[in-house]
Amino acid sequence: MSLLSSLTGPADLRALRPDQLPVLAGEIRDALVAAVAKTGGHLGPNLGAVELTIAVHRVFESPREPVIFDTGHQAYVHKLLTGRQDGFAQLRQRDGLSGYPSRAESEHDWVENSHASTSLSYADGLAKAFAVRGDVRPVVAVIGDGALTGGMAWEALNNIAAAQDRPVVIVVNDNGRSYSPTIGGVADALATLRLRPGYEEALAAVRQALHRAPVVGTKLYDALHAIKKGLKDVLAPQGMFEDLGMKYVGPVDGHDVEMMESALRRARSFGGPVIVHAVTTKGFGYPPAETDTIDAWHSTGVFEPDSGLSSAAKGPEWTDVFADELVRIGTERSDVVAITAAMLHPTGLAPFAERFPERTYDVGIAEQHALTSAAGLAMGGLHPVVAIYSTFLNRAFDQLLMDVALHGQPVTLVLDRAGVTGSDGASHNGMWDMSICSIVPGLQLAAPRDEATMREALRESVQVSDGPTVIRFPKGALPPEVPAIERRGRVDVLRRGASPEVLLVAVGSLVPMCLAVAERAADHGIEVTVVDPRWVMPVADELVTLAGEHRLVVTVEDGGRAGGVGTLLSQALQDADCDVPVRTLGLPQQFFEHGSRGQVLADVGLTEQDVARRIVEWAARVADRAAGQSESAEVEGQQQ
């Protein structure tokens with residue numbers, strides 16, 4: 001039996017001999033590569049956190065002593081060490097393990113954090129709760145992979161440092177990266193720490209000198225203290241932590257379990273807030289990941305474990321089209337600049353950065369700062385394009401509303417992974433963006449349906465000069481091009497029914513399904529006209545006119561129903577005193593279990609069969625109601 005398979009939880013891990021731990025680490029890496037090769041997932045971050053996680057679970061007694069991972073994508077090893085080996089082969093699959101910490105899976109998962117820079121705030125709150133209850137136990141937060149570039153982490157540090165009697169151990173997993181090499185002043189300081197390992201020895205010498213010095217008054221004490229502080233700042237800038245009142249241990253080799261355990265035990269025994277600085281290598285132990293200069297295999301699809309070669313054929317994707325068109329626009333317009341929040345390659349900005357490095361800004365994992373900085377760039381006469389995943393727009397809503405929209409600044413947000421993403425679970429479904437954006441005054445939002453409308457929408461957005469624009473598109477391959485048979489204003493008519501019975505408003509990536517739905521409905525004698533609004537916010541006057549010409553309007557969108565396209569169109573029709581009934585099909589406002597995109601859409605009835613069935617049923621009711629009203633009117637006329 002392998003060491004890994006013999007473990008049922010952290011207690012078994014703590015019983016292992018130190019000489020067994022390198023063997024266990026190798027088995028864990030083999031298990032990681034074998035599982036992620038079949039399912040895809042976050043491989044690089046976990047390969048780099050193997051020894052670190054082993055050490056954490058040997059020193060601290062999870063689940064009683066909470067261990068919180070930030071971001072949660074580096075918690076695969078934690079899952080393997082806490083009794084979840086059986087489900088690991090189905091990682092990120094329906095009925096398998098989540099790709100992030102999950103409270104439903106295990107008592108060892110205190111939070112389900114998969115958005116960066118949050119772990120320290122959770123840890124601060126837990127430590128305060130334990131203190132109020134008189135419960136003395138440490139809280140551990142494992143942060144890194146770029147998360148210290150997020151401002152929220154530093155807000156939490158300020159609070160954690162304020163209470164010297166609350167035992168919070170912060171393990172900085174310093175691999176110099178988030179998705180790509182980490183950008184910013186904090187990253188530079190941590191890099192300097194990696195190159196200055198001699199601080200502890202030098203500081204010990206200063207302490208010895210202080211103990212030998214005769215007590216001759218405060219002046220000598222102040223002078224010696226100043227020497228100590230100056231030496232500290234020269235040899236290692238960990239003063240940025242110690243000046244907050246945080247004790248600092250490190251740098252420590254994060255791939256040496258013995259050294260990590262020693263550092264963590266010292267931190268645990270201190271009884272107050274401590275930073276343990278572990279230096280690791282993302283992708284460690286798997287050559288294809290270690291040698292990948294782009295993102296060290298931060299996130300992978302399916303691949304061959306022996307060679308590291310992708311085993312899935314890949315065609316052009318939505319992100320590729322955005323990347324190409326933005327470079328073309330940048331060539332034509334020198335005022336267009338690009339902003340990324342530590343996701344240059346995943347969001348498609350790498351080609352623009354390569355062509356126009358002086359016009360590309362990586363702000364780190366700091367979406368709030370990205371939006372307000374973009375507002376400043378716009379105030380300075382430029383047109384910023386901010387490319388982020390849809391789910392991360394949630395973090396920057398206040399900045400979008402009050403810093404960009406309130407000032408009427410021309411900032412374009414490009415939201416990748418919009419709609420249901422599925423396998424990454426509830427936190428990563430991009431289902432909130434239209435609900436959020438619908439309440440922002442002056443905002444215009446486009447949901448392109450194919451490559452041509454994607455390119456068109458991006459060009460139209462950078463022409464807007466008086467407010468924010470948003471373009472959203474899903475994860476994955478491009479659908480076939482769907483040409484319009486007519487354009488009314490911004491609205492494309494894609495299919496025209498023989499009679500004005502049902503108007504089907506298809507949003508973005510759901511257009512192909514809606515066209516198939518219309519054919520199914522036609523087989524049941526229901527005439528359906530299909531339109532694509534393209535720019536779904538604000539509602540176009542032409543769409544209101546088209547809706548008023550039909551007996552029933554059905555909207556289909558892959559965003560939340562509350563505040564979505566259907567809600568907006570219903571309100572616009574009310575404002576126009578138009579009483580045509582509207583039925584909205586979208587995502588209910590809830591958190592969905594992880595699974596494929598198709599599985600999640602099927603769960604909520606957004607399939608071709610389900611939508612067609614409901615349209616046929618609704619159309620029949622409208623027809624029956626109209627017939628009943630006509631019959632009542634005829635009877636009333638006869639009575640008169």
Side-chain angles (χ1 to χ4, degrees), residues 9-11 14 52-53 55-72 74-75 78-79 81-83 98 100-144 147-148 150-173 238 240-250 261 263-278 365 368 394-395 398 426-427 591:
R14 290 191 287 272
L52 182 155
T53 308
V56 165
H57 277 297
R58 280 173 62 84
V59 173
F60 297 93
E61 297 180 4
S62 176
R64 181 181 179 275
E65 298 173 347
V67 179
I68 303 167
F69 284 85
D70 183 344
T71 57
Q74 58 184 322
H78 163 76
K79 288 174 182 273
L81 296 176
T82 52
S98 166
Y100 294 94
S102 169
R103 289 168 65 92
E105 279 182 11
S106 172
E107 61 181 349
H108 294 277
D109 292 358
W110 280 74
V111 300
E112 305 194 12
N113 58 315
S114 53
H115 284 190
S117 312
T118 60
S119 65
L120 302 188
S121 296
Y122 284 121
D124 176 58
L126 280 168
K128 288 172 178 172
F130 294 154
V132 169
R133 292 165 49 191
D135 191 351
V136 181
R137 47 175 151 163
V139 181
V140 183
V142 181
I143 188 169
L148 275 175
M152 186 175 174
W154 291 89
E155 294 172 15
L157 276 172
N158 187 50
N159 276 259
I160 291 170
Q164 292 298 304
D165 59 344
R166 288 201 290 264
V168 178
V169 177
I170 300 168
V171 182
V172 177
N173 178 17
Q238 66 247 35
M240 65 181 178
F241 297 122
E242 291 191 344
D243 288 345
L244 282 171
M246 305 281 293
K247 291 298 181 183
Y248 172 93
V249 178
E261 281 194 46
L264 290 169
R265 292 190 193 283
R266 281 185 285 152
R268 180 193 177 109
S269 65
F270 178 68
V274 182
I275 295 274
V276 177
H277 178 198
I365 303 178
Q368 294 173 317
N394 310 349
R395 303 170 68 103
D398 181 62
S427 65
F591 298 113

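Count residues from 1 along the sequence.
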(request) Determine yes or no for a side-chain-to-main-chain donor-acceptor pair under 3.5 angstrom, with Gln74 supplying the side chain and Asp70 the backbone. (result) yes
(message) If the condition is side chain to side chain donor-acceptor pair (under 3.5 Å), which residues does Ser98 pass it with, not counting sequence neighbours?
(response) none
(message) Holding to side-chain contact (heavy atoms from CB on, under 4.5 Å), I want the full list of residues that pass it with Arg137, two or more places apart in sequence or in another chain.
(response) Arg64, Glu65, Trp110, Phe130, Arg133, Asp135
(request) Return the set of residues passing salt bridge (charged side-chain N to carboxylate O under 4.0 Å, His left out) with Arg103 (not counting sequence neighbours), or none when no residue passes. (result) none
(message) Ignoring hydrogens, what is the shortest heavy-atom contact between Ser117 and Gly150? Give both atom names and the distance.
(response) OG-CA, 3.4 Å
(request) Check side-chain contact (heavy atoms from CB on, under 4.5 Å) between Ala11 and all other residues, then give those that pass, not counting sequence neighbours. (result) Arg14
(request) Start with the C-alpha distance between Leu126 and Val111, add both sets of side-chain angles, then the distance that settles side chain to side chain contact (heavy atoms under 4.5 Å, CB included), and finish with yes or no. (result) CA-CA 11 Å; Leu126 280 168; Val111 300; 5.6 Å; no
(message) According to side-chain contact (heavy atoms from CB on, under 4.5 Å), who are the partners of Ala263, at least two apart in sequence or on a separate chain?
(response) Val249, Val252, Arg266, Val276
(request) Flag the pair Arg395 / Thr118 as yes when at least one side-chain heavy-atom distance between them is below 4.5 Å, and no otherwise. (result) yes
(message) Applying side chain to side chain donor-acceptor pair (under 3.5 Å), can you list everything that pairs with Arg166, at least two apart in sequence or on another chain?
(response) none
(message) Checking Asp124 now: which residues fulfil side chain to side chain donor-acceptor pair (under 3.5 Å) with it, not counting sequence neighbours?
(response) Lys128
(message) Can you give me the closest heavy-atom contact between Ala123 and Ala141, atom names plus distance?
(response) CB-CB, 4.1 Å
(request) Calculate, to the nearest 0.5 Å, the distance between atoms CD1 and CD1 belonging to Ile170 and Ile68 respectively. (result) 10.5 Å
(request) Pick out which of Leu264, Val274, Ile275 makes a side chain to side chain contact (heavy atoms under 4.5 Å, CB included) with Val171. (result) Leu264
(request) For Asn159 and Glu155, indicate whether the former's side chain and the latter's backbone hold a donor-acceptor pair under 3.5 Å. (result) yes
(message) Can you give me the closest heavy-atom contact between Ala127 and Val139, atom names plus distance?
(response) N-CG2, 4.0 Å
(message) Just verifying a value: how many Å separate Gln164 CD and Phe270 CZ, rounded to the nearest 0.5 Å?
(response) 6.0 Å
(request) Working to the nearest 0.5 Å, report the span between CG of Leu81 and NE2 of His108. (result) 10.0 Å
(request) Provide the closest heavy-atom pair for Leu120 versus Ala153 in the form atom of the first, atom of the second, distance. (result) CD1-O, 3.6 Å
(request) Return yes if some donor-acceptor pair links the side-chain N/O of Arg268 with the main-chain N/O of Val59 below 3.5 Å, else return no. (result) yes
(request) Quick one: closest heavy-atom pair of Met246 and Ala161, and the distance? (result) SD-CB, 3.5 Å
(message) Would you compute the distance between atom CG of Asp109 and atom OG of Ser62 and round it to the nearest 0.5 angstrom?
(response) 8.0 Å
(request) First locate atom CZ of Arg265, then atom CZ of Arg58, and finally report the distance between them rounded to the nearest 0.5 Å. (result) 7.0 Å
(message) Applying side chain to side chain donor-acceptor pair (under 3.5 Å), can you list everything that pairs with Ser106, at least two apart in sequence or on another chain?
(response) none
(request) With sequence neighbours excluded, tell me which residues meet ring-ring contact (aromatic ring centres under 6.0 Å, His included) with His78. (result) His57, Phe69
(request) Apply side-chain contact (heavy atoms from CB on, under 4.5 Å) to Ala278 and list each qualifying residue two or more places apart in sequence or on a separate chain. (result) Leu52, Met260
